[in-house]
Amino acid sequence: MSTIEQTTTSTGVAPAEAVAALVSRAGRRDPYPLYEALRAHGSVIPVRPGLTVVVGYAEISRALRDNRLRVQDAASYDVIYPRWRSHSSLRGYTDSMLYRNPPDHARMRRLVSSGFTPARVSAMRESVERMVHRLLDRLADLGAGGAPVDYVAEFASRLPIAVISALIGVAEDDQQWFRGMASDLTIALEGITNLGRLGTADQAMDELAGYFGDLIEHRRRHPAGDMLTALVRAHDDGGAGLTHDELVGNLMLLLTAGFETTSFLLGHGLRLAFEHPSQAALLRDDPGRATAYVEEVLRFETPVQATSRWAETGMELLGTPLEGGTKVVLMLGAGNRDPRRFPDPTRFDPDRPDIQPLSFGAGPHFCLGAPLSRMEARIALPLLLRRFPALAAAEPPDHRDRWVGRGLRRFLITVS
Ligand code: HEM
């Protein structure tokens, strides 16, 4: 369909209806039938003037690499919400790479990437293993005698925070506080769609900015071989480095981009193991299967279901005209279930060849933390299954009531 008119197809659901339903309670719980209703209209679908959605794997991949499509930045906030600067959380994020376009984006990304070199990530393997064992010990204590334990609160959300804290250099005693702040701050990752709750994100941003300010000062006086030291140097060198606000903004981004997303991956990973006991048994007996297992979890239950871009000026996207100012929503969760790319997409099958899900995005903004979160899940899931042969769900998992951030809120399990 190449015009904006609202036609219905054999499924009977018009694009605008399907998009609206995605943010309804039922759609948040199960967006997949709505993706199929959209797919019946094509892969790149004009929904209404100013809004186009993309649901095809190949098309999303192309769009994410198309530099005519821009991420939301300060200039675009000025147009859609001129008062946005009154929110410190939005100001903080626009100082980070995820909210910057060329040429700023490449400068920031190059500097921050130094913390994510393959060497630095694999150097963290042993410490991630230690963290996993420590958290498993804790699960064993809490779940002694068959007591139900919340896997999300006690494991899936603790591991990512412990890993990011180690990467950034946050002291262990501060991690619980840090976790609460990170959770509040993620509200602002949804931009201005949740204005009512932005106050909570602003407060977290202000407290974290103070905390990071102290941490930066400490590293300046006591340099270490870590990522924060490298970033502080980039700031202090001036020239092509980072401003103080950009340094803090990118630290906020690292904290929040990698926290809930990885906990969603760990949550889905265990839930799917319970639903597919033969796959769980294979994973337990052969941790070498973890790579394929984790990729299929990422495909099947995409932690970040969508991202968006803006057509700054009029253009054509794979044959579909976009007017300047059009928002393009790239539905990663739909692309990961595109039957042209993944035959029988609703089947959970770690043995499918060449999975390569869209879950970490693609192109210039491809997730910087992908190797780290993959490593966490590949280590954690087999160890969890090995450590507790009697691991079981105590009750069905409680899903978060969100569309974009798809994860579990609570999952009571028994370990013995
Ligand atoms: C399962 C876990 C994760 C998922 C599903 C995920 C997903 C994503 C996605 C989809 C993007 C691209 C957004 C876009 O193009 O609009 C992204 C970007 C990013 N992610 Fe992740 N992420 C995960 C873990 C992490 C971790 C552990 C970190 C860091 C510690 C991290 C840091 C970042 C950063 C810094 C960006 C921005 C890159 C840029 O703008 O150039 N992520 N992530």
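Whatever order the structure lists ligands and atoms in, that order sets their numbers, starting from 1.
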Practice prompt. Give the atoms of ligand 1, by number and element, whose distance to some non-hydrogen atom of Thr307 is under 4.0 Å.
Written response: 14 (C), 16 (O)

Discussion item. Ignoring hydrogens and geometry beyond distance, is a side-chain donor-acceptor pair present between Thr346 and Arg337 at under 3.5 Å?
Written reply: no

Worksheet item: atom 35 (C) of ligand 1: which protein heavy atom is closest, and how many Å away?
Response: Leu253 CD2, 3.6 Å

Worksheet entry | Mutual orientation of the aromatic rings belonging to Tyr211 and Trp177 [parallel < 30°, tilted 30-60°, perpendicular > 60°] | tilted

Practice prompt. Would you mind listing which atoms of ligand 1 come within a distance below 4.0 Å of any non-hydrogen atom of Met97?
Written response: 38 (C), 39 (C), 40 (O), 41 (O)

Item to complete: Considering heavy atoms of the protein only, find what lies nearest to atom 37 (C) of ligand 1 and give residue, atom and distance to 0.1 Å.
Response: Leu98 CD1, 3.9 Å

Worksheet item: So, are Arg387 and Asp137 salt-bridged, with charged N and O less than 4.0 Å apart?
Response: yes

Item to complete: Flag Glu376 as yes when one of its N or O atoms lies below 3.5 Å from any N or O atom of ligand 1, and as no otherwise.
Response: no

Worksheet item: Relative to ligand 1, is Thr262 under 4.0 angstrom through side chain, backbone, both or neither, heavy atoms considered?
Response: both

Discussion item. What I'd like to find out is whether the side chain of Val132 reaches to under 4.5 Å of the side chain of Leu136, using heavy atoms alone.
Written reply: yes

Fill in: Enumerated ligand 1 atoms positioned under 4.0 Å from heavy atoms of Ser359
5 (C), 7 (C), 10 (C)

Fill in: Test: Glu376 and Arg125 ion pair at under 4.0 Å
no

Fill in: Within-2.8 Å protein N/O/S contacts of atom 21 (Fe) of ligand 1
Cys367 SG

Worksheet, complete the sentence: The atoms of ligand 1 lying under 4.0 Å from a heavy atom of Arg309, numbered in the order shown, are 14 (C), 15 (O), 16 (O)

Discussion item. If we only consider heavy atoms of His105, is any one of them less than 4.0 Å away from an atom in ligand 1?
Written reply: yes

Worksheet item: If you measure from the Lys or Arg side-chain nitrogens to the Asp or Glu carboxylate oxygens, is any gap between Arg25 and Asp30 under 4.0 Å?
Response: no

Worksheet item: Does ligand 1 have a heavy atom under 4.0 Å from the side chain of Leu167, from its backbone, from both, or from neither?
Response: neither

Worksheet item: Under 4.0 angstrom from ligand 1, any heavy atom of Met108?
Response: no

Practice prompt. Run the salt-bridge test on Glu295 and Arg374 with the 4.0 Å N-O cut-off and return the result as yes or no.
Written response: yes

Discussion item. Any salt bridge linking Asp73 with Arg100? Criterion: basic side-chain nitrogen under 4.0 Å from a carboxylate oxygen.
Written reply: no

Worksheet item: Is any side-chain N of the basic residue among Arg91 and Asp245 closer than 4.0 Å to the acidic one's carboxylate O?
Response: no

Discussion item. For the 3.5 Å polar cut-off, considering only N or O atoms, please tell me whether Ser308 and ligand 1 meet it.
Written reply: no

Worksheet item: Which of the atoms in ligand 1, numbered in the order shown and given with their element, are less than 4.0 Å from a heavy-atom of Pro364?
Response: 41 (O)

Practice prompt. State, yes or no, whether a side-chain contact exists between Leu255 and Ile161 at a heavy-atom distance under 4.5 Å.
Written response: yes

Fill in: N-O pairing of Asp236 and Arg233 below 4.0 Å
no

Worksheet item: Ion pair present between Arg402 and Glu260, side-chain N to carboxylate O less than 4.0 angstrom?
Response: no

Worksheet entry | Inter- and intrachain pairs under ring pair (Phe, Tyr, Trp, His ring centres under 6.0 Å), touching residues 324-357, at least two apart | Tyr57-Phe342, His276-Phe348, Tyr293-Phe348, Phe300-Phe348

Item to complete: Give the contacting part of His365 toward ligand 1: side chain, backbone, both or neither, where contact means a heavy-atom distance below 4.0 Å.
Response: both

